[in-house]
Structure formats: C-alpha cells, structure tokens
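Order of the sequence lines fixes the chain letters, A, B, ..., with proteins taken first and strands second; residue numbering starts at 1 for each chain.
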Amino acid sequence: DTGVSQDPRHKITKRGQNVTFRCDPISEHNRLYWYRQTLGQGPEFLTYFQNEAQLEKSRLLSDRFSAERPKGSFSTLEIQRTEQGDSAMYLCASSLVNTGELFFGEGSRLTVL
Amino acid sequence: GEDVEQSLFLSVREGDSSVINCTYTDSSSTYLYWYKQEPGAGLQLLTYIFSNMDMKQDQRLTVLLNKKDKHLSLRIADTQTGDSAIYFCAERTGANNLFFGTGTRLTVIP
C-alpha cells in the first residue's frame, strides 16, 4: 500500500454544480479525516470517521457538504451547489486508532468559477 | 479554544541549522506534530511527539517541547535546499482532530 490516495487531484467547476471527491485510506486504517486548506492557511478540520461511523463534524461543514464512508474503507466528500468560497484544497488523512500518526493524501484541489 | 501560532517566514543558508518555532494554547494536547508541505503537494508527516516527552530526535530533526510555556520547536540540522517548504505545527487534543498553525515558509539559500 502506497499511502492515502485522493481523486480527482484537480476539479474545476461552475458555481452551483455538485462535486464529489474520493479518498482511499491506507489499508486497515480505521480512522479517516477530511480537512480543507485555503491559500496561505493551515488545514482546517472538517470531519472524521471511525470505521463507517462519522463521529465528529466541524461547524465549517455546512449543509451543502456531506461525507460518507459506507463500508469503512474509502470515503467520499460531496459538495452540493458549489460556491466560489468552496475553492480550496480538500485533504484526506487516515490513521489507526490510538496512534499518533496521521498520514495525508496529496489532496483534491477544487476551483469554483 | 485551540490556537496554534507560527512565524510566517524563515531563511537560512545551506548547511546551517534551521529552528522553526510554534506556540499553542491548549494544555490538554496529547500529541504535537510537524508536517512538511511542498508546493502543490499534500502534507508529509515529519515527526511527532507525545506530550509527556521533552525531546525527540530523528536523524537531522530534533523536536523540543516545553509544555509549561506551550512551546514546540523543530530543529533541522545541516539544512539542504530540498528542505525548502512550508512547515506546519499541529496539536491534537482529547478530540480526535488536529489543529494546525498557518505554517512557516522555510527558504534555504544555496
């Protein structure tokens, strides 16, 4: 296993369209996290899963955002009715429970025109 | 609430040591992290330290933690041009997510 992979790496969309990002965590990592990073800032926590259960959501995660991890493996992050303010890098990370190491993917960059 | 602060820029000459500093506010932090991010790339975990440790060394990297002052530092020995990147400090509290600083852009001058 080569690490956390994310798809697509880049997405350009028009305002109002829906987009979906996929994250495949490191095998056997039971925790999966989504973060958002805007230019010049550090990543901000959005949500995390332990297995298939979504255990925490940030206030940043508006009603237009939904994340799923149906089988406890890969996860999707969907943004409905995209706005220009949604333009950012969406980062996925995974870890084992009760370890310190979070490993990040390369990110999915969203540009909303 | 959590707040993690870093200086924005650091320039060093190749071969010198770099020291990147970070302060945090949450005394319940369990782990503290250093990540490296190169342009257009994701975050690479460099090292992390458990909150009951004072120091951790890993090859060219030395992490120092002063829990009383809530101060974390990363020292890179013999800095190379390939070390040029943005370095993020992050803290993990009892909750299961990380809070990041705004990053320090390290420029290594040949």
Side-chain angles (χ1 to χ4, degrees), chain A residues 2-10 21 23-26 29-51 53-61 67 88-109 111, chain B residues 1-9 20-26 29-53 56 58 61 63 65 72 74 85-106:
Chain A
T2 56
V4 180
S5 61
Q6 294 188 242
D7 182 71
R9 292 293 309 278
H10 299 96
F21 300 115
C23 171
D24 287 89
I26 294 172
H29 276 194
N30 39 22
R31 284 196 175 158
L32 186 148
Y33 306 77
W34 285 99
Y35 284 78
R36 181 176 72 184
Q37 185 179 24
T38 52
L39 200 62
Q41 300 296 317
E44 297 172 295
F45 170 76
L46 292 178
T47 188
Y48 95 94
F49 293 83
Q50 182 160 313
N51 301 313
Q54 188 173 16
L55 296 188
E56 190 171 342
K57 293 195 289 187
S58 159
R59 292 174 193 169
L60 294 175
L61 212 67
M89 176 81 89
Y90 290 86
L91 295 164
C92 177
S94 70
S95 74
L96 290 167
V97 175
N98 295 329
T99 69
E101 297 169 307
L102 263 75
F103 296 96
F104 281 81
E106 295 289 307
S108 293
R109 182 173 294 284
T111 301
Chain B
E2 299 85 355
D3 191 18
V4 179
E5 293 191 356
Q6 303 178 237
S7 53
L8 293 179
F9 303 99
I20 303 171
N21 295 300
C22 169
T23 57
Y24 61 97
T25 56
D26 196 325
S29 296
T30 54
Y31 294 96
L32 293 129
Y33 300 78
W34 286 105
Y35 282 87
K36 176 184 180 184
Q37 187 174 40
E38 297 184 69
L43 295 163
Q44 176 192 351
L45 177 63
L46 288 178
T47 186
Y48 67 99
I49 188 167
F50 191 53
S51 59
N52 67 356
M53 298 169 63
K56 182 178 180 180
D58 184 1
L61 305 179
V63 178
L65 175 60
L72 182 74
L74 174 69
I86 300 176
Y87 290 80
F88 290 96
C89 166
E91 64 167 343
R92 183 178 189 177
T93 63
N96 291 291
N97 56 66
L98 268 59
F99 290 91
F100 286 83
T102 52
T104 299
R105 182 179 294 276
L106 173 65

Looking at A/Pro43, A/Gly42, A/Cys92, A/Ala93, which makes the most heavy-atom pairs under 4.5 Å with chain B? A/Pro43
Calculate, to the nearest 0.5 Å, the distance between atoms CD and CZ belonging to B/Gln44 and A/Phe103 respectively. 10.5 Å
Rounded to the nearest 0.5 Å, how far does CZ of B/Phe88 lie from CD of A/Gln41? 8.5 Å
Residues, nucleotides or ligands: over 12 heavy atoms within 6.0 Å of A/Lys57 NZ: no
Could you tell me which portion of A/Gln37 (side chain, backbone, both or neither) has an atom closer than 4.5 angstrom to a non-hydrogen atom of chain B? side chain
Minimum heavy-atom separation for B/Gly40 and A/Met89, please, with both atom names. O-CE, 4.3 Å
Under the side-chain hydrogen bond (donor to acceptor under 3.5 Å, both in side chains) test, residues paired with A/Gln6 that sit two or more places apart: none
Among B/Tyr48, B/Tyr31, B/Tyr35, B/Phe50, which residue forms the greatest number of heavy-atom pairs with chain A at distances under 4.5 Å? B/Tyr48
Contacting moiety of B/Leu43, where chain A heavy atoms sit under 4.5 Å: both
Mind checking side-chain hydrogen bond (donor to acceptor under 3.5 Å, both in side chains) for B/Tyr33 and listing every partner two or more places apart, or none if nothing turns up? B/Arg92
Kindly say whether the aromatic ring centers of B/Phe100 and A/Tyr35 come within a distance under 6.0 Å. yes
Interatomic distance, CG@B/Leu98 vs OG@A/Ser95, rounded to 0.5 Å, equals 9.0 Å
Chain A heavy atoms under 4.5 Å from B/Gln37: which part of the residue, side chain, backbone, both or neither? side chain
For the CG atom of B/Asn97 and the CZ atom of A/Arg31, what is their distance to the nearest 0.5 Å? 10.5 Å
